[in-house]
Each structure stands twice: as structure tokens, then as C-alpha cells.
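Since the model is a prediction, treat every value here as computed from it, not as a measurement. When reading the values below, keep in mind they use all heavy atoms of this one structure, side chains included, and skip hydrogens, waters and symmetry mates. Just so we're on the same page: letters track the sequence lines, and every chain starts at 1.
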Protein chains: 2
Amino acid sequence: MQMTHCVAANNPVFSSTKQELVEEKNFATLSKALSHPARIRILSILLKLDKLGGCLNSDLVSKLGLAQSTVSEHLRILKQAQFISAEPIPPKMCYRINKKNINAYLSLFSSILN
Amino acid sequence: MQMTHCVAANNPVFSSTKQELVEEKNFATLSKALSHPARIRILSILLKLDKLGGCLNSDLVSKLGLAQSTVSEHLRILKQAQFISAEPIPPKMCYRINKKNINAYLSLFSSILN
DNA sequence: TATACTAATCGTGTTTTAACGATTAATAGT
DNA sequence: ACTATTAATCGTTAAAACACGATTAGTATA
């Protein structure tokens, strides 16, 4: 059964609070961090590594088929979105998935679109 | 308590099945469709309208502060990702949110990152 | 202090996204 | 058949994302 009722532009559903707009913009920004296959691959690996305790950029390079600088940039983007964190274990870096913020993304999604 | 164990590149967590890679790429593509504030705004409005039965491009224009052609392009992207569907009710179009695929995105997310 | 190793940053070229106005296509109503 | 209305498409410009090689910075160890 199709509904074909059309709603006028002055309907309250079109309006939004400042807070709603902030949340939506925030969600869009986080989604952008998730919008590249290599970054999802990285997160997927880091999730599996979570119990084992981290990961190395140089190891990722050999598995992703991307240049070191490219992988570094993807890691930067994921870190900026706080989906991962980085701890220096000289001379290497130990990247970890940030499960809390992964779940926060889900919550935000539900808050906006459920 | 921090774990600092480092994992070698030949660890099985670095490998992946063809199917996993396809899922990840698919998820990244869907995330890209969600990576713009205007598109989230549109989805949010369409969700609220869901019970009322749809929405009009021209009405959206007046509320989003974007040109008609720009809104049309955002709608095209959302439709391509199957987050919305379009039914012509001449001379207007009736856009609807596709809740099923919204939920499918959540499932995909959980399947990859949980 | 010098060396070796890792990851971040820089500079560059290429591709993709975003936004707009203008035009076109489609259709209902006159 | 003509007009009015709506949304898609086209063409253009500007901005951002992506990828790479080369360089730099930082740190532990010799």
C-alpha cells in the first residue's frame, strides 16, 4: 500500500534545532572517515588485533598494497575521527581500534535515523 | 592496563577472504553516501515524513538553502545507494526513505566492526 | 655522537566531489 | 496544441580527496 500524501514546506518536520544540525554534521564527518575501503580494511584488521594488542604501520603497508605515506594518511584520518588511537612504542607506533567511538557512531546513527 | 604486544605481518588477522573485501568496499561506498550533511538532513526529514507519505524536491530546496540542481544531485546519490526511493506523482516526485536499507547498513557495520 | 629504523610531513599530479545557473524533458491541465 | 510546473541533466568552476616518492624528524641502540 503506497501513501502518496504530499506535505507542505511549512510542515514542522522540515525544521530542526541547532543541536540536530550539529549532530547531523558530526555524523556526516564520521561517515566520511568510513568512506574509503582501505580505512575499513584497517579498522577490520585492528579489530581482530584488538585482543592481541595493536598493529604497525609498516606491517599494514605490506598488506594493503599502498605506499607508506598513503597508509599513514589513512591512519591520520581514522585517528582524527577518533576511531583509532596511537601509542608510540619506539621506534614503532602501536595503533588500536577505539571500540567506544565505533559504538558511539552506531548510537549517533540510531539517534538520527531511527 | 596497556598491551603493547606487536603482531607480525604474516599473522592471519592480516589476511581476508574475497567476500570480506567485497563487504568492506560495499560498506565504504554506502558510508560515502552518508558523508555529506545535506544528505543526512534529507534522510532525517524523510524519516519524519515517513508516516505522512513522502516529500518533494522543491519543498526540500526551500529548506536546505541549496540550488534545485544541487538537491537533485544529493537525491540521486541517496537513491543510488538505495537509502531512498522515488515515485513519480506528476508533476512532482515523491521521495521516501528506505528503512530496510538503512537497517541493512547497520547490519553491515556490525558484521564488519563488531 | 653516530647509525639505523619507523612514521610523519611535504610537494606534486590526478581524480572525484560539490555547487551553481541554464537548459531540457516530462506531464497535467487549460 | 499550448502553457505551466517540476525534476533531471548539462556545462562549468572551485574545492577536496587520493596516491605517490622524497624528505624530515624522532628515538633507541651501537
Residue whose nearest DNA chain D nucleotide is more 5′ - B:Thr70 or A:Gly65: B:Thr70
B:Leu60 CG - C:dA19 P separation (whole Å): 14 Å
Whole-Å gap separating C1' (D:dA8) and CD (B:Gln80): 15 Å
Intermediate values then yes/no, side-chain contact (heavy atoms from CB on, under 4.5 Å), A:Leu75 and A:Lys79: CA-CA 6 Å; A:Leu75 289 168; A:Lys79 197 166 59 171; over 6 Å; no
Nearest-nucleotide comparison on DNA chain D, the residue closer to the 5′ end among B:Glu73 and A:His74: B:Glu73
Nearest listed nucleotide, side chain of A:Ser69, among D:dA7, D:dA22, C:dA18: D:dA22
Within residues 40-48 of chain A, residues whose heavy atoms come under 4.0 Å of DNA chain C: none
Gap between atoms CE and P, on B:Met93 and D:dT9 respectively (whole Å): 10 Å
Salt-bridge criterion met for B:Arg96 and B:Asp50 (N-O under 4.0 Å): no
Rounded distance in Å - CZ (B:Arg76) to C1' (C:dT17): 11 Å
Touch class at under 4.0 angstrom, heavy-atom based, for B:Leu66 against every strand present: sugar-phosphate
Could you list, one pair per line, each protein nitrogen or oxygen that sits under 3.5 Å from a nitrogen or oxygen of nucleotides 23-30 of chain C, together with the distance?
none

Atom pair CG (A:Leu60) and OG (A:Ser72), whose distance is rounded to the nearest 0.5 Å: 10.5 Å
Non-hydrogen side-chain atoms of A:Leu34 and A:Arg39 separated by less than 4.5 Å: no
Spacing between A:Leu75 atom CG and D:dA17 atom P, to the nearest angstrom: 17 Å
Side chain of B:Ala67 (C-beta onward), nearest among C:dC20, C:dT9, D:dT6: C:dC20
Atom of A:Leu106, atom of B:Ser110 and distance for their closest heavy-atom approach: CD1-OG, 4.4 Å
Atom-pair distance (CG on B:Asn57; C1' on D:dT9), nearest Å: 13 Å
Side-chain heavy-atom pair A:Phe109, B:Phe109 within 4.5 angstrom cut-off: no
Phosphate-side-chain proximity, A:Tyr95 and C:dT6, N/O vs OP1/OP2 below 4.0 Å: no
Separation of atom CD1 in A:Ile77 from atom P in D:dA16, rounded to whole Å: 14 Å
Any side-chain donor near an acceptor of the partner, B:Ser44 and A:Glu20, under 3.5 Å: no
Side chain to side chain, A:Met93 and A:Leu56, heavy atoms closer than 4.5 Å: no
Among C:dA19, D:dT9, C:dT17, the nucleotide that comes nearest once only the side chain of B:Lys32 is considered: C:dT17
A:Ala28 versus B:His36, closest heavy-atom pair with distance: CB-C, 3.7 Å
Whole-Å distance separating the CG atom of A:Asp59 from the P atom of C:dC5: 15 Å
Closest nucleotide among D:dT9, C:dA7, C:dA19 to the A:Lys92 side chain: C:dA7
B:Ser72 vs D:dA7: side-chain N/O to OP1/OP2 distance below 4.0 Å: no
Side chains of B:Phe83 and B:Leu46 in contact at under 4.5 Å (non-hydrogen atoms): no
